[in-house]
Amino acid sequence: MVRTDHILFIASGAFNLSRPADLIPEFQGRFPVRVELDALGRDDFIRILTEPQNSLVKQYTALLSTEGVHLNFDKSAIEEIASIAADVNSSSENVGARRLHTIMERMLEDLSFYAPERAGSEINIDKDYVRKMLGPVLEDQDLSRYIL
């Protein structure tokens, strides 16, 4: 038997639809403070794409470099990706930073598929490239809801 009188329980996630009564009895009453977070904005997404040691931009650059394709992300591309993520999160289900992975995957899908055939090439990703690759999905709200 463990006494939990002096144990701090921390939980995170989307519990906005849960009530304390929905939790198992051991957790009921153990979460006295509820904190709601603000949605991530464009500037937050820019930081997430650029600052972490293993950011998505760095991951995709490294992944495609294994096939001999060198990606160069322009600042305008990162800003555009961040804007799209913020817009889609605000107009459909807000999944936070996970939206960035979906957007990057969709944007680089063709390039990843044909990477072996493009070995030795250098690809510059700018705002126009982002719009070109994501344009059809962004124009159709139903598609963007389910694809992005």
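Quick caveat: nothing in here was measured; it's all calculated off a predicted structure. Residues: numbered from 1 along the sequence shown.
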Fill in: Derivation and outcome, side-chain contact (heavy atoms from CB on, under 4.5 Å), residues Ile48 and Leu40
CA-CA 10 Å; Ile48 291 167; Leu40 294 171; 4.0 Å; yes
Response to the item:
The single option from Val69, Leu71, Leu56 that satisfies side chain to side chain contact (heavy atoms under 4.5 Å, CB included) with Thr61 is Leu71
Discussion item. Let's go through Arg131 and Ile84 carefully: what are the C-alpha distance in whole Å and the side-chain angles of both, what is the deciding distance for side-chain contact (heavy atoms from CB on, under 4.5 Å) to 0.1 Å, and is it a yes or a no?
Written reply: CA-CA 9 Å; Arg131 279 286 167 186; Ile84 290 169; 4.3 Å; yes
Worksheet item: Do the side chains of Leu63 and Met133 join up, straight or via other hydrophobic residues, at under 4.5 Å, putting them in one cluster?
Response: yes
Practice prompt. Using modelled atom types only, decide if a donor and an acceptor are shared between the side chain of Ser55 and the backbone of Glu51 within a distance under 3.5 Å.
Written response: no
Worksheet item: Between Glu67 and Arg118, is there a side-chain N and carboxylate O pair less than 4.0 Å apart?
Response: no
Worksheet entry | NZ (Lys127) with more than 12 external heavy atoms under 6.0 Å | no
Item to complete: Spell out, yes or no, whether Val137 and Val95 are grouped together once hydrophobic residues are joined by side-chain heavy atoms under 4.5 Å, including indirect joins.
Response: no
Worksheet item: Rounded to the nearest 0.5 Å, what separation is found between the CG atom of Asp87 and the OG atom of Ser92?
Response: 10.5 Å
Item to complete: Looking only at non-hydrogen atoms, find the nearest pair between Gly41 and Ala86 and report the distance.
Response: C-CB, 4.3 Å
Item to complete: To the nearest 0.5 Å, tell me how far Glu79 CD sits from Asp43 CG.
Response: 9.0 Å
Discussion item. As an exercise, state the distance from CD1 of Ile81 to CG of Leu100, rounded to the nearest 0.5 Å.
Written reply: 8.0 Å
Worksheet item: If Ile, Leu, Val, Met, Phe, Trp and Tyr residues are connected whenever their side-chain heavy atoms lie under 4.5 Å apart, and connections chain through other members, are Ile46 and Leu134 in the same group?
Response: yes
Worksheet, complete the sentence: Taking every heavy atom of Ala115 against every heavy atom of Leu64, the minimum-distance pair comes out as CB-CD2, 3.8 Å
Response to the item:
For Ala97 and Phe45 the tightest heavy-atom approach is CA-CE2, 3.7 Å
Worksheet, complete the sentence: One should read off an interatomic distance between Met107 CE and Tyr60 OH, to the nearest 0.5 angstrom, of 8.5 Å
Fill in: Stepwise side-chain contact (heavy atoms from CB on, under 4.5 Å) check, Asn94 with Arg99
CA-CA 8 Å; Asn94 188 347; Arg99 180 81 60 205; 6.0 Å; no
Practice prompt. Report the C-alpha separation of Leu111 and Tyr129 in whole Å, then their side-chain angles, then the decisive distance to 0.1 Å, and conclude whether the side-chain contact (heavy atoms from CB on, under 4.5 Å) test is met.
Written response: CA-CA 11 Å; Leu111 188 56; Tyr129 182 90; 4.0 Å; yes
Fill in: Interatomic distance, Glu80 atom CD to Ile125 atom CD1 [nearest 0.5 angstrom]
13.0 Å
Worksheet entry | Short side-chain to backbone donor-acceptor contact, Asn89 and Gly96, under 3.5 Å | yes
Worksheet item: Looking at Asp44 and Ala39, what are the two nearest heavy atoms and their distance?
Response: OD2-O, 4.3 Å
Discussion item. For the backbone of His70 and the side chain of Glu122, can you confirm whether one donor and one acceptor N or O come within less than 3.5 Å of each other?
Written reply: no
Worksheet item: Rounded to the nearest 0.5 Å, how far does CG of Asn54 lie from NZ of Lys58?
Response: 8.0 Å
Worksheet item: What's the shortest heavy-atom distance between Leu49 and Val57, and which atoms?
Response: O-CG2, 3.4 Å
Worksheet item: Mind checking whether Leu138 and Met104 sit in one hydrophobic cluster, side chains of I, L, V, M, F, W, Y counted as touching below 4.5 Å?
Response: yes
